Amino acid sequence: MEDLNLWAMTDEIKDLLRDWAEWNISVNGYPKSTTIWRLANSPGEDPFQSRIPSGVIPPARLQKLQKAFNKLFNTKVGEDIAVTRMFYLAGLEATQKEFRCSKRTVYERKRCGEAAIQGFLRA
């Protein structure tokens, strides 16, 4: 019975990570500076970059996930967390390229990252 509960929780973590990635991608379309500022201060020199605008707050359950990311980054599973985030944001190929590892390694590190997040959120 314990194994069924573990599988259900893992699916919850995966759903939460998918929701986080979808939310993060949707709000990252905002430019980091306004068009007027770019025209006045550095026309043509400021490459487009985006970030979550100041004052935009994620839903509470995604805030808890972000807190887990922040706490776990500086631990022994930090790189697994980074792989997990990248996988959900950019997909397998981009993650393989960024971390220079095989598909198998990406999936293993993603699994470890998900387990670490699950453990953090359960505590």
Side-chain angles (χ1 to χ4, degrees):
M1 196 56 110
E2 179 82 19
D3 291 336
L4 290 175
N5 192 22
L6 179 61
W7 283 109
M9 186 60 152
T10 302
D11 286 342
E12 282 183 32
I13 294 300
K14 289 178 181 181
D15 289 343
L16 182 62
L17 285 162
R18 282 186 205 105
D19 289 348
W20 168 82
E22 186 177 311
W23 182 86
N24 198 34
I25 289 168
S26 72
V27 296
N28 264 333
Y30 292 99
K32 75 173 192 171
S33 59
T34 65
T35 304
I36 293 172
W37 185 91
R38 285 194 303 267
L39 287 172
N41 294 299
S42 62
E45 295 176 14
D46 189 25
F48 179 80
Q49 295 180 4
S50 60
R51 64 170 173 84
I52 297 173
S54 176
V56 174
I57 300 170
R61 65 193 188 95
L62 300 183
Q63 285 180 350
K64 290 178 185 176
L65 181 59
Q66 188 61 49
K67 183 178 180 180
F69 289 151
N70 294 343
K71 294 287 185 181
L72 294 170
F73 267 133
N74 295 321
T75 66
K76 64 182 180 179
V77 296
E79 195 163 328
D80 294 336
I81 298 300
V83 167
T84 303
R85 283 178 49 129
M86 180 88 176
F87 180 88
Y88 281 95
L89 286 172
L92 175 63
E93 288 182 22
T95 306
Q96 280 182 274
K97 185 176 179 181
E98 177 71 22
F99 291 94
R100 297 183 181 124
C101 57
S102 69
K103 182 188 296 188
R104 182 178 182 178
T105 301
V106 169
Y107 280 116
E108 179 62 24
R109 297 188 97 181
K110 179 179 92 62
R111 187 189 60 73
C112 291
E114 290 167 349
I117 292 165
Q118 178 177 325
F120 182 87
L121 293 176
R122 277 184 150 177

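All of these numbers come straight from a predicted model, not from anything done at the bench.
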Which side-chain N or O atoms in residues 82-93 pair as donor and acceptor under 3.5 Å with protein atoms at least two apart or in another chain?
residue, atom, partner, partner atom, Å
Thr84, OG1, Asp80, O, 2.8
Thr84, OG1, Lys110, O, 3.4
Tyr88, OH, Glu114, OE2, 2.5

> What's the spacing between Ile81 CD1 and Lys71 NZ if we round to 0.5 Å?
Replying inline: 14.0 Å
> What closest approach, in Å, do Arg109 and Glu79 show between heavy atoms, and which atom pair accounts for it?
Replying inline: NH1-OE2, 2.9 Å
> In Å and rounded to the nearest 0.5 Å, what is the CZ to CD1 distance from Phe120 to Ile13?
Replying inline: 11.5 Å
>> Just verifying a value: how many Å separate Lys103 NZ and Thr95 OG1, rounded to the nearest 0.5 Å?
In response: 12.5 Å
> Can you list every pair that meets salt bridge (charged side-chain N to carboxylate O under 4.0 Å, His left out) and has a residue in residues 57-68, with sequence neighbours left out?
Replying inline: Asp19-Arg61
>> side-chain contact (heavy atoms from CB on, under 4.5 Å) for Leu121 and Leu16? Distances and angles first, verdict last.
In response: CA-CA 11 Å; Leu121 293 176; Leu16 182 62; 3.8 Å; yes
> Considering residues at least two apart in sequence or located in another chain, which fulfil the ring pair (Phe, Tyr, Trp, His ring centres under 6.0 Å) criterion with Phe69?
Replying inline: Trp20
> How far apart are the C-alpha atoms of Arg18 and Lys14, what are their side-chain angles, what is the distance that settles it, and do they pass the side-chain contact (heavy atoms from CB on, under 4.5 Å) test?
Replying inline: CA-CA 6 Å; Arg18 282 186 205 105; Lys14 289 178 181 181; 3.9 Å; yes
